[in-house]
2 protein chains.
Amino acid sequence: MTEMSTIRDVAKLAQVSVATVSRVLNGNGYVSHNTREKVAAAIKQLNYRPNDVARSLFKGRSKMIALFVPDIMNPFFPELARAVEDMTTQQGFTFVLCNTDDNLNKEMAYLEALKQKSVDGIIIVSSTMTAEYMENFDIPAVALDRIIHTNISSVTVNNREGAKEATQYLKDIGCRRIAHVSGPEHVSNARQRLKGYLDIAQKSEWFNYEYIEQGEYNFEGAKKATQILLTKHPEIDGLFVANDLMAVGAIKAAESLGLSVPDQLSIISFDGIKLGETTSPALTTMAQPIYQIGARAAEMLIKQVEQNEAQTLVEEFSVKLIERDSTRKKGENQ
Amino acid sequence: MTEMSTIRDVAKLAQVSVATVSRVLNGNGYVSHNTREKVAAAIKQLNYRPNDVARSLFKGRSKMIALFVPDIMNPFFPELARAVEDMTTQQGFTFVLCNTDDNLNKEMAYLEALKQKSVDGIIIVSSTMTAEYMENFDIPAVALDRIIHTNISSVTVNNREGAKEATQYLKDIGCRRIAHVSGPEHVSNARQRLKGYLDIAQKSEWFNYEYIEQGEYNFEGAKKATQILLTKHPEIDGLFVANDLMAVGAIKAAESLGLSVPDQLSIISFDGIKLGETTSPALTTMAQPIYQIGARAAEMLIKQVEQNEAQTLVEEFSVKLIERDSTRKKGENQ
DNA sequence: GCCGAATATGTAACGGGTTACACACGCAAG
DNA sequence: CTTGCGTGTGTAACCCGTTACATATTCGGC
């Protein structure tokens, strides 16, 4: 392996100054046609590639964008990550992935480390980060999936409205007692989904606060919560579960109690991850445009970084009902 | 937001030279106790953090490690990614994720880009990369899950042996005709799994090359392959599927043909991803220590990078049978 | 009391691009 | 013919740590 050549090597070979080479490289300033050719030839001959680190040092920007997610092993996040990676790479950025475990200390440590590396911006899915901390680091950021503060750009979905639709759907197919397995209280979208459930449920004469049981945003928590719910209240025949992963737990819970889904219990959830298509029964769910929101967040961030636009953008996408097999069909008798 | 302070600011405030500050920062060279305190105070007062880009420029290394995976949306990879991220972050590296789609051009483009950023090393899951190309880039690398070449360090599992065990297991529980839905031929571990199947199957009087059908490493391909297999050969009562994701497709295929799993058809697969626990029936599978191999690959790479060890290490982990509900229980009559 | 090693600190070059500024030439307008 | 702008190119400072090398002081050993 030969040593890496530098811009000075190119300059020497082409018999011009480094400034001229730099101009050719970046396509700015004046360079005569003839000189440009000479430089191009030298670059080719040496197989020269500019050193991005040197570039970053001068510019103070590194062409890197980071994504913070609680845990890439949660099946909601890979699609988001893929979207962000596609978009960032396409625009010439390098993609850094950080698993935060929803732990503020980890988030802060990542921010610190990334700032030292002159990272251009971050896309962050977080329930613990605050606007004050973010401001301290002064890195362009876009919140994704969960809102951090009104002064930080965000891309989310209409969680409350989607939850309303989900709950209403259960009513429409004939469910008489509809319960909710909610997500963790400290996560904004979980609160919104709970509100959406309440918007519909509270208007019903059968409503009872005991119909709400908190699971975490995971399989086990939801399974337990569902077991409690169904044991205490065998009259429940409809369940709105805060996300798909939890719904899988809910199905297992129903199974363990000998209840058949969807015959005795209809389950609808939220997110629309691939996993929901492969379970038995396949999940009826309010699907988010996961890839799109990830891609859009990346797009927003890149614009913010490149155009130095400071304005805060807030975008909300719509979720869409996907009817599969975890809910009774409308009109079927029970 | 105040301007970032530099080492020269610290030096001025502490009334010492930049060299001394650097020595304090890195804990090398001689610094008197008194001076060390003064510098520490100045650093604290200015909230100074060294600029990693400048450091990288001088050192020619960036404290970044990249992971190449075909597609993070394939549920096998998030756990691997998590393991690598945990290990790299713990050692002070920044983690870069690259989705290659098993496309050599993309891999080359990433290598090029990462080299320009002085990435310290890469961990690569690839079926298309070759040793020659890797050598051209001269970046320390560890192959993961799939072997690239004997002169590149690798961490894999004993695919062939595991496949043998899986096939033997189907025999042991009483399957009379065992077929294999194989992975793509260009992937080394898929070839190994096929060989393992053949090791057992070819010794059986019923063996027939038509009992092998190639699916891709995905849901749809496996579903189709299984449908073909079961339609042509209704006598099949055991299926070794090349991975868990494919097994989900195989179950769906069996379902679509009115076959009950495991009563009429036992299915065993490979990988041991979380998804396999949540499907109905839950998958019997040869589980890889996914997190461990990811973590080990990262560990090996970091050692290689930090100690500048050039030796090639080849490690193979063992897979472990996990009996769940997609296979008949031993001794049960059919 | 002298010498070499250990300790302590500073100066300046270096890593590899980028760009402000200076300079030179050609050509058109006045 | 001069002024002035557009074009073309080079020199050197700059981004910010790191470290080789030089210098100075202290201390133990003989």
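Letters A, B, ... mirror the listed sequences (proteins, then strands); counts begin at 1. Here the structure is a predicted model, which means the values were calculated and not measured.
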**Message:** Please give me the minimum heavy-atom distance between A/Thr150 and A/Thr312, naming the atom from each residue.
**Reply:**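 Distance-wise, the nearest heavy atoms are O-CG2, 3.4 Å.
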**Asked** So, for A/Ile148 and A/Ala131, which heavy atoms are closest and what is the spacing to 0.1 Å?
**Response** CG2-N, 4.0 Å
**Range on DNA chain D touched by chain B, heavy atoms, distance below 4.0 Å** =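 On DNA chain D, the outermost contacted nucleotides are D/dC16 to D/dT19.
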**Prompt:** Less than 4.5 Å apart, any side-chain heavy atom of B/Tyr48 and any of B/Asp9?
**Reply:** no
Quick one: does any side-chain atom of [X] pair with a main-chain N or O of [Y] as donor and acceptor, under 3.5 Å?
{"X": "B/Ser154", "Y": "B/Leu144", "value": "no"}
{"X": "A/Asn189", "Y": "A/Asp145", "value": "yes"}
{"X": "A/Thr88", "Y": "A/Glu85", "value": "yes"}

**Asked** Is the closest side-chain donor-acceptor distance between B/Asp271 and B/Tyr217 under 3.5 Å?
**Response**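 Result is no, nothing qualifies.
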**Message:** Filter on side chain to side chain donor-acceptor pair (under 3.5 Å), then keep only pairs touching residues 68-80 of chain A, sequence neighbours left out; what's left?
**Reply:** A/Asp71-B/Arg82
**Request:** May I ask you to verify whether the side chain of A/Arg8 and the base of C/dG17 hold a donor-acceptor pair under 3.5 Å?
**Result:** yes
**Prompt:** Between B/Asn51 and A/Gly29, which has a closest nucleotide on DNA chain D that is more 5'?
**Reply:**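 Nearest nucleotide further toward 5': that of A/Gly29.
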Show me the side-chain donor-acceptor pairs of residues 116-125 of chain B shorter than 3.5 Å, one per line, residues at least two apart or across chains.
| from | atom 1 | to | atom 2 | distance (Å) |
| --- | --- | --- | --- | --- |
| B/Lys117 | NZ | A/Ser62 | O | 3.2 |
| B/Asp120 | OD1 | B/Ser62 | N | 2.8 |
| B/Asp120 | OD1 | B/Lys63 | N | 3.3 |
| B/Asp120 | OD2 | B/Lys63 | N | 3.1 |

**Request:** Please list all pairs passing the salt bridge (charged side-chain N to carboxylate O under 4.0 Å, His left out) test where one or both residues lie in residues 21-43 of chain B, with sequence neighbours left out.
**Result:**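 As it turns out, there is no salt bridge (charged side-chain N to carboxylate O under 4.0 Å, His left out) pair with a partner in residues 21-43 of chain B once direct neighbours are skipped.
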Could you state the [atom1]-[atom2] distance from [X] to [N], rounded to the nearest angstrom?
{"X": "B/Asn34", "N": "C/dT9", "atom1": "CG", "atom2": "C1'", "value": "13 Å"}
{"X": "B/Ile7", "N": "C/dA12", "atom1": "CD1", "atom2": "C1'", "value": "14 Å"}
{"X": "B/Gln15", "N": "C/dG10", "atom1": "CD", "atom2": "C1'", "value": "14 Å"}

Scan nucleotides 19-28 of chain C against the protein and return all N/O pairs shorter than 3.5 Å with their distances rounded to 0.1 Å.
none

**Request:** Please say whether more than 12 non-hydrogen atoms of neighbouring residues, nucleotides or ligands are located less than 6.0 Å from NZ in A/Lys12.
**Result:**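 Result for NZ/A/Lys12: open.
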**Message:** By the 4.0 Å heavy-atom rule, please label A/Val16 as base, sugar-phosphate, or nothing.
**Reply:**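 Answer is sugar-phosphate: A/Val16 comes under 4.0 Å of backbone atoms only.
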Output one line per pair: protein atom, nucleotide atom from nucleotides 5-8 of chain C, and distance, for all N/O pairs under 3.5 Å.
| from | atom 1 | to | atom 2 | distance (Å) |
| --- | --- | --- | --- | --- |
| C/dT7 | OP2 | B/Tyr30 | OH | 2.6 |

